[in-house]
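Single-structure report; data block below.
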Amino acid sequence: MQRFIKSLGAVILLSSFSSTADPVSELESLVNQWLQIEQQTNELETHWLEKKATMEQTLTLLDAEQTQLKQFNHNRQKNSSELAEKRTALIQKQGQLEVDESALNTQLNQLIQQLRSLQVQLPPPLFTSWQEIGDLTDENLDANEKLQIALKMLGQLADFQNRISIHEMAITNDQGKEIWVKQLYLGAAQAWFVSNDLSYTGIGFPAELGWQWQFDSELDGEQVAHGIAVQEKKQAANWLTLPVFSYAAKESIQ
């Protein structure tokens with residue numbers, strides 16, 4: 001651009017020389033014009049350089065901003081993809097949890113039905129303990145609360161089944177008379193009882209309609225009383241002879 005301006009000045013200068021009559025005055029005038037043009041040229045060049053530097057700085061800032069926008073867009077797409085993957089994983093997990101919860105509720109309901117059927121066949125002390133734990137038919141209980149109750153019931157059943165226990169209660173005989181007896185339980189499936197004067201003896205066992213007590217005059221009351229005394233640590237341990245009935249035998253006795 002500077003060369004173009006200088007060439008333009010030279011053309012103007014030559015034209016002036018060819019058309020003037022006073023060379024000295026005209027030369028002085030042309031020199032002044034040339035100096036003005038040179039000054040204007042320097043000003044234009046300076047302005048151009050400043051403008052160029054500003055434009056280059058602006059371009060640099062635009063490039064940096066464009067790079068940031070590209071990175072932001074990339075990160076946004078990446079985050080959107082990761083978020084979509086997490087959302088999909090959560091939906092799948094929620095679906096699996098719903099399936100597991102449904103299966104758990106089904107199994108829990110089956111367990112509750114089994115426990116309710118079993119409850120009526122339990123020995124009276126264990127039956128009472130289960131009632132004190134809670135009511136599995138209570139609709140206000142959620143699945144977790146019902147499960148906790150069921151686990152406590154199973155725990156008590158396991159504990160009762162694995163030990164010999166002693167209890168007392170009144171039993172009604174065939175004549176409708178209530179007899180106070182002590183009971184010797186061997187787990188939750190077999191029991192013997194005897195009155196304080198040894199005049200009444202019998203056995204207890206689970207049946208489909210519930211726990212059954214059956215008086216048996218042939219049962220040795222002393223043996224039952226001795227077993228109870230040993231369990232209560234009132235007598236030294238010794239061999240006992242007590243009848244143990246199978247379920248089929250118990251049903252035939254009825």
Side-chain angles (χ1 to χ4, degrees), residues 109-138 141 146-254:
N109 289 333
Q110 292 175 352
L111 176 60
I112 290 174
Q113 292 300 323
Q114 292 174 352
L115 291 177
R116 291 181 62 188
S117 299
L118 178 62
Q119 187 172 11
V120 297
Q121 302 179 39
L122 295 177
L126 186 54
F127 180 88
T128 301
S129 296
W130 275 28
Q131 287 183 317
E132 293 173 352
I133 292 175
D135 183 9
L136 290 173
T137 62
D138 187 352
L141 299 177
K146 290 181 179 180
L147 180 59
Q148 294 300 318
I149 292 175
L151 291 176
K152 289 181 180 179
M153 288 178 172
L154 291 173
Q156 285 194 354
L157 175 60
D159 179 65
F160 199 94
Q161 181 67 22
N162 294 322
R163 61 184 172 88
I164 299 173
S165 54
I166 307 297
H167 292 275
E168 295 184 52
M169 64 179 293
I171 299 177
T172 303
N173 62 10
D174 296 337
Q175 290 75 39
K177 180 180 179 181
E178 287 190 347
I179 310 298
W180 190 262
V181 298
K182 278 191 173 182
Q183 305 149 334
L184 175 65
Y185 290 92
L186 180 61
Q190 176 74 57
W192 303 267
F193 65 84
V194 62
S195 60
N196 291 333
D197 59 2
L198 307 183
S199 58
Y200 293 95
T201 57
I203 62 172
F205 52 90
E208 292 183 357
L209 298 179
W211 183 269
Q212 299 294 317
W213 294 113
Q214 186 166 339
F215 285 84
D216 183 1
S217 59
E218 296 182 1
L219 182 61
D220 190 344
E222 291 185 356
Q223 288 289 310
V224 178
H226 178 66
I228 293 173
V230 169
Q231 190 64 24
E232 292 177 337
K233 301 185 184 305
K234 295 180 179 179
Q235 294 183 12
N238 199 353
W239 290 103
L240 296 177
T241 303
L242 293 175
V244 178
F245 297 91
S246 66
Y247 182 79
K250 294 169 188 173
E251 291 297 311
S252 64
I253 291 174
Q254 295 181 31

Residue pair F193, M169: steps toward the side chain to side chain contact (heavy atoms under 4.5 Å, CB included) verdict: CA-CA 10 Å; F193 65 84; M169 64 179 293; over 6 Å; no
T201 (side chain) donor-acceptor with D216 (main chain) under 3.5 angstrom: yes
A207 to Q121 - nearest heavy-atom pair and separation: O-CG, 3.0 Å
Over all atoms of both residues, closest heavy-atom pair of Q231 and I164: NE2-O, 3.1 Å
Closest contact, heavy atoms only, G134 versus M153: O-CE, 3.6 Å
Working for side chain to side chain contact (heavy atoms under 4.5 Å, CB included), residues L115 and L154: CA-CA 9 Å; L115 291 177; L154 291 173; 3.7 Å; yes
Pair W211 and F127, ring centroids less than 6.0 Å apart: no
Approximate separation, where rounding is to 0.5 Å, of I228 CD1 and H167 NE2: 11.0 Å
P124 side chain reached by W213 side chain, heavy atoms, under 4.5 Å: yes
Enclosure of Q131 CD (heavy-atom neighbours >12, cutoff 6.0 Å): yes
Donor-acceptor pair, side chain of Q119 and main chain of W130, under 3.5 angstrom: no
Nearest-0.5 Å distance, OG of residue S129 to CG of residue L122: 9.5 Å
pair D220-V224: side-chain heavy atoms closer than 4.5 Å: no
Check: residues 181-188 side-chain donor-acceptor pairs under 3.5 Å, at least two apart:
from, atom 1, to, atom 2, distance (Å)
K182, NZ, E232, OE1, 3.4
K182, NZ, E232, OE2, 3.3
Q183, OE1, Y185, OH, 3.1

Reported CG-to-CG distance for the pair L157 and N162, which is rounded to 0.5 angstrom: 9.0 Å
Smallest separation among heavy atoms of Q161 and A189, with atom names: OE1-N, 4.3 Å
Within 6.0 Å of CZ in R163, more than 12 heavy atoms from elsewhere: yes
Gap separating the OG1 atom of T137 from the NZ atom of K146, nearest 0.5 angstrom: 8.0 Å
Pairwise distance CD1(I149) to CD1(I112) - rounded to 0.5 angstrom: 8.5 Å
Closest heavy-atom pair and its distance - F215, N173: CE1-CA, 3.3 Å
Residue pair W180 / E168: nearest heavy atoms and the distance that separates them: NE1-OE1, 2.9 Å
